[in-house]
Structures are given as structure tokens and as C-alpha cells.
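All values below were derived from every heavy atom in this structure, side-chain atoms included, with hydrogens, water molecules and symmetry-related copies excluded. In the text below, chain A, chain B and the rest are named by the order of the sequence lines, each starting its count at 1.
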Protein chains: 2
Amino acid sequence: MATHPTIGESLRQEGYRLTPQRMMILAIIRDSSDHISAEEIHQKVRQQYPFVNISTVYRTLNLLKKLRLISETDLGEGYVRYELLERGRHHHLVCRRCGESFAFEHELLRPLQLRLLKEYGFTADVDHFAIFGLCQRCRPAEEMNDVRKEGQHGAA
Amino acid sequence: MATHPTIGESLRQEGYRLTPQRMMILAIIRDSSDHISAEEIHQKVRQQYPFVNISTVYRTLNLLKKLRLISETDLGEGYVRYELLERGRHHHLVCRRCGESFAFEHELLRPLQLRLLKEYGFTADVDHFAIFGLCQRCRPAEEMNDVRKEGQHGAA
DNA sequence: AGCCATTGTGCAAGTTGTTGCAATTGCAAT
DNA sequence: ATTGCAATTGCAACAACTTGCACAATGGCT
Ligand SMILES: [Mn+2]
Ligand SMILES: [Mn+2]
Ligand SMILES: [Zn+2]
Ligand SMILES: [Zn+2]
């Protein structure tokens, strides 16, 4: 129940208030084993305090994002999900056909990050990417689909 | 005035109709020298045909996206912009502080694309990325900002 | 030309997320 | 304890985009 000191306290140390709403939101993000959406957070906070407004949830998420305590990522569901950044840097591959998503190592993005810094002096925020495409299983199916369409010319 | 045959015809060859609305939308995207937003397209189509609905614009953009004729990208303005994919593959760096955006070569993403394919069998859609971070000019300013905050502890 | 199935459009309502504003809260100096 | 002030909240309105549905347009078949 006691809010993990590190995250709540880093809020205060930046000069922000650790309000009850923020404590509840933080606890829920911390206790979630996976990515969590704003709506899910809102539902869970409401179980403790039914009057929280969804805009408070969004504002808190934006604050935590700005302080780089959480990261957001769009896994193609029509809304964004959030995750504690201290949970370890990683990224996701999302199949545009089956919707499945797989994590991949941050290492794979490091060479790009370095080249952007060297060639453009640009410090890229490489926190939590989602890259869309076709997974191994779906590629053959998609190609078959393309071939079928080309076939429409003469056939059928 | 005559719609560029290649794009309009590739629509038809996929079995979709080339309606007047779609012709107008296509012509506007083609005649735009830069990224263009749905709202901008809607405004311009309305000059020719005041009854088009914004949802037709969005539906057409989604169709063109699905057929990989256009690509979309979020440059951090609060809405998405679209560009003809045949205009040449490139990506963007967007500074989260000053909002400035710079293009960068597709070449820089190719090694990542290849590694994702080799290591995960994942065929990444690397059409038109926008990577956020700090540009060369803004990084010193941002660091100064961080230092000032740390100073709050004892000072002030 | 007339009919039918399919595709596309307009409209209104819905979803996710943001924002202006007035009221509340927290904090510190009196 | 009271006051002053900035940070935060709830609420309602808004913005970008999507979707369900009824009607219109299209294209194929006869
Ligand atoms: Mn993740
Ligand atoms: Mn571009
Ligand atoms: Zn798949
Ligand atoms: Zn900048």
C-alpha cells in the first residue's frame, strides 16, 4: 500500500506534489505486470476513489512521461499503453496482420542512436518503440493475398 | 486537372473505385509539395466540392495507406501528416523542445530492418518514421534546465 | 435499359486524448 | 490560525479520428 518511495519521491524532488490521486495512479502502474492503458488505470483508481476524473489520469501520465519515469507505446490497439521505464529498456515488433507483438532488445537500436548523434548531433529518445510490419507467420499469407489480387486481372 | 494515371489507376486495378472525391483527394496530395494533413486536404477539396465529408477524406487516406501509396507520420503537431510514398523513402528527426524537424536518409534504418528480419523473421514496414529527441541546438539548453532543477535542493 | 450485388458517401454518434476555467488543495510565510 | 500563491483537480467543451447505418453510385449481367 505504501507508495514505492523512489518514484513518488522523485516527483516531489522535482517540485511536484504527490497527491492521493497521483499515489493511486503510481501504485497501479507499479503493480501492473504489463503495459497498462489510461482507461485501465482509471477503472482501477475508481475502485478506491470513485470521483477521479480521467483527465487527471491523463495529466499524471503526461507528467510521468515528461520526467521519463514511464514510457508510452502504441501497440496498434487504438489507444496507448504505458510502462515503468525503470523496468528495463526494450521495444516491440507489432504484426499488422495478426496483431501479435514481440519484444526486442534495446541493443538493436543502439547503432542507429549513435549514428543519429554522430551524423546529425541529434539525441534520440529511444525509450519504447513499436515497429509495425509482418511477423514470420503472417508474411506468406500476405504474399498469397497480393498474388490473388494480381490474378484478378484476367481471372474471375 | 487530369488525375495522374499511375496512382488513380493502381486504385482501380486493386478493385477499388476511382470516385470524384478520391480523384480530388489524390490530386491535392499529388500537388502538395510537402506533408499534408487531413484537415488541409478537406479544406482544399471543399473549394471544388463543398459537400465532401471529413470522414471520406480519412477513409480515403486509410485506403491509400493500406495500399502503400501514401505514408503517414506524426511530427508532434497533434495530428498526422501524409505524403506520397513514391516521392522517395526518408524519415524525420523531431526536436521535442523546439519542434523543428529534419529529414534523414532511409539508409540509416536499413541495418535495423535487416537485423529484425534475420533475428526475428520480422518484415518491418519502414516507410516514414519520425524519431523524437533533442536537436543539436536544444541539447545544451535542456541540460542547463536539468541542472537548475537539481540546484533547487539546497538553493532558492 | 433494367436489375442486383457491391462499394462508397454523408451524417451523426462514438472514442481517445487535450484544454480552459473555476474551485480546491498544499505549502510556506506571516 | 490566517493569508497568499502556485499547483492540482474536476468538469465540460473541444479536437482528431473512427464507425454504424441508411442511402446513393457503380459496374456487371441480362
Ligand atoms: Mn514494453
Ligand atoms: Mn516526410
Ligand atoms: Zn502476424
Ligand atoms: Zn531543438
Side-chain angles (χ1 to χ4, degrees), chain A residues 3 8-26 35-43 45-46 48-67 70-82 130 149 152-156, chain B residues 3 8-9 11-26 35-43 45-46 48-67 70 72-82 96 130 149 152-153 155-156:
Chain A
T3 317
E9 283 311 309
S10 47
L11 256 190
R12 308 211 52 165
Q13 288 183 359
E14 297 285 332
Y16 299 98
R17 294 188 193 155
L18 185 51
T19 63
Q21 288 90 334
R22 288 180 179 168
M23 286 173 68
M24 292 185 270
I25 291 167
L26 273 172
H35 304 123
I36 189 166
S37 72
E39 190 53 45
E40 283 165 5
I41 294 170
H42 186 216
Q43 292 304 330
V45 174
R46 284 227 263 199
Q48 298 176 248
Y49 170 56
F51 309 111
V52 234
N53 193 275
I54 186 80
S55 67
T56 299
V57 174
Y58 280 115
R59 281 194 274 233
T60 300
L61 290 170
N62 285 339
L63 177 62
L64 297 172
K65 223 167 37 179
K66 196 177 74 181
L67 299 178
I70 60 172
S71 62
E72 70 173 17
T73 197
D74 171 4
L75 265 14
E77 299 168 294
Y79 50 82
V80 160
R81 288 184 173 276
Y82 301 85
K149 270 194 181 152
Q152 281 180 347
H153 280 238
Chain B
T3 318
E9 284 310 310
L11 256 190
R12 308 210 52 168
Q13 289 184 357
E14 298 285 333
Y16 299 99
R17 295 185 191 157
L18 185 51
T19 63
Q21 288 90 334
R22 288 180 178 169
M23 286 173 68
M24 292 185 271
I25 291 167
L26 273 173
H35 304 123
I36 189 166
S37 72
E39 190 52 47
E40 283 166 5
I41 293 170
H42 185 217
Q43 292 305 329
V45 174
R46 284 226 263 199
Q48 299 175 247
Y49 171 56
F51 308 111
V52 234
N53 193 275
I54 187 79
S55 65
T56 298
V57 175
Y58 280 115
R59 281 194 274 233
T60 300
L61 290 170
N62 285 339
L63 177 62
L64 297 173
K65 224 168 37 180
K66 197 177 74 179
L67 299 178
I70 61 172
E72 71 173 16
T73 198
D74 170 4
L75 266 14
E77 299 168 295
Y79 49 82
V80 160
R81 288 183 173 276
Y82 302 84
R96 77 168 118 91
K149 270 194 180 152
Q152 282 179 347
H153 280 238

Got a sec, which residues hit ring-ring contact (aromatic ring centres under 6.0 Å, His included) with His35(A), two or more places apart in sequence or on another chain?
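Residues passing ring-ring contact (aromatic ring centres under 6.0 Å, His included) with His35(A): His92(A), His128(A).
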
For DNA chain D, report each stem as range with range, ordered by first number, or say none. Use Watson-Crick or G-U wobble pairs under 3.5 Å, at least 3 in a row.
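The stems are C:1-30 with D:1-30.
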
His42(A) side chain to Tyr58(A) main-chain N or O, any donor-acceptor pair under 3.5 Å?
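No, the answer is negative, given that no donor and acceptor are paired below the 3.5 Å cut-off.
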
Under the 3.5 angstrom rule, does the side chain of Arg12(A) hit a backbone N or O of Leu18(A) as a donor-acceptor pair?
no

Can you name the atoms? Protein N/O to nucleotides 2-6 of chain C N/O, anything below 3.5 Å, with the distance.
unit_1: dT6(C); atom_1: O2; unit_2: Arg17(B); atom_2: NH2; d: 2.7

Could you pull out all residues at least two apart from [X] that satisfy side chain to side chain contact (heavy atoms under 4.5 Å, CB included)?
X        : answer
Asn53(B) : Ser55(B), Thr56(B)
Gln43(B) : Glu39(B), Arg46(B)
Glu77(A) : Leu75(A), Tyr79(A), Arg81(A)

Sequence neighbours excluded, which residues qualify as side chain to side chain donor-acceptor pair (under 3.5 Å) partners of Asn62(B)?
Lys65(B)

Partner residues of Gln21(B) under the side chain to side chain donor-acceptor pair (under 3.5 Å) criterion, sequence neighbours left out
none

If you measure from [atom1] on [X] to [atom2] on [Y], what distance do you get to the nearest 0.5 Å?
X        : Y        : atom1 : atom2 : result
Thr60(A) : Met24(A) : OG1   : CE    : 10.0 Å
Ile25(B) : Ile41(B) : CD1   : CD1   : 7.0 Å
Leu64(A) : Tyr82(A) : CG    : OH    : 10.0 Å

Between the side-chain atoms of Arg59(B) and the base atoms of dG10(C), is any donor-acceptor pair under 3.5 Å?
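In this structure, the two groups form a donor-acceptor pair.
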
Between which nucleotides of DNA chain D, read 5' to 3', does contact with chain B run, using atoms under 4.0 Å from its heavy atoms?
dA16(D) to dG27(D)

For a quick check of understanding: with a heavy-atom distance under 4.0 Å over all strands, which category does Glu39(A) fall into, base, sugar-phosphate or nothing?
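Nothing: the residue Glu39(A), judged by heavy atoms under 4.0 Å, touches no strand.
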
Minimum heavy-atom separation for Ala38(B) and Leu61(B), please, with both atom names.
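Nearest heavy atoms, Ala38(B) then Leu61(B): CB-CD1, 3.8 Å.
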
So, for Ala130(A) and Thr73(A), which heavy atoms are closest and what is the spacing to 0.1 Å?
CB-OG1, 3.5 Å

Contact residues, residues 73-81 of chain A to DNA chain C [heavy atom, < 4.0 Å]:
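Close to the strand are Gly78(A), Tyr79(A), Val80(A).
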
For DNA chain D, which residues of residues 51-58 of chain B approach it to below 4.0 angstrom with any heavy atom?
Ser55(B), Tyr58(B)

By salt bridge (Lys or Arg N to Asp or Glu O under 4.0 Å), Arg96(B) pairs with (sequence neighbours left out) Asp125(A), Glu142(B)

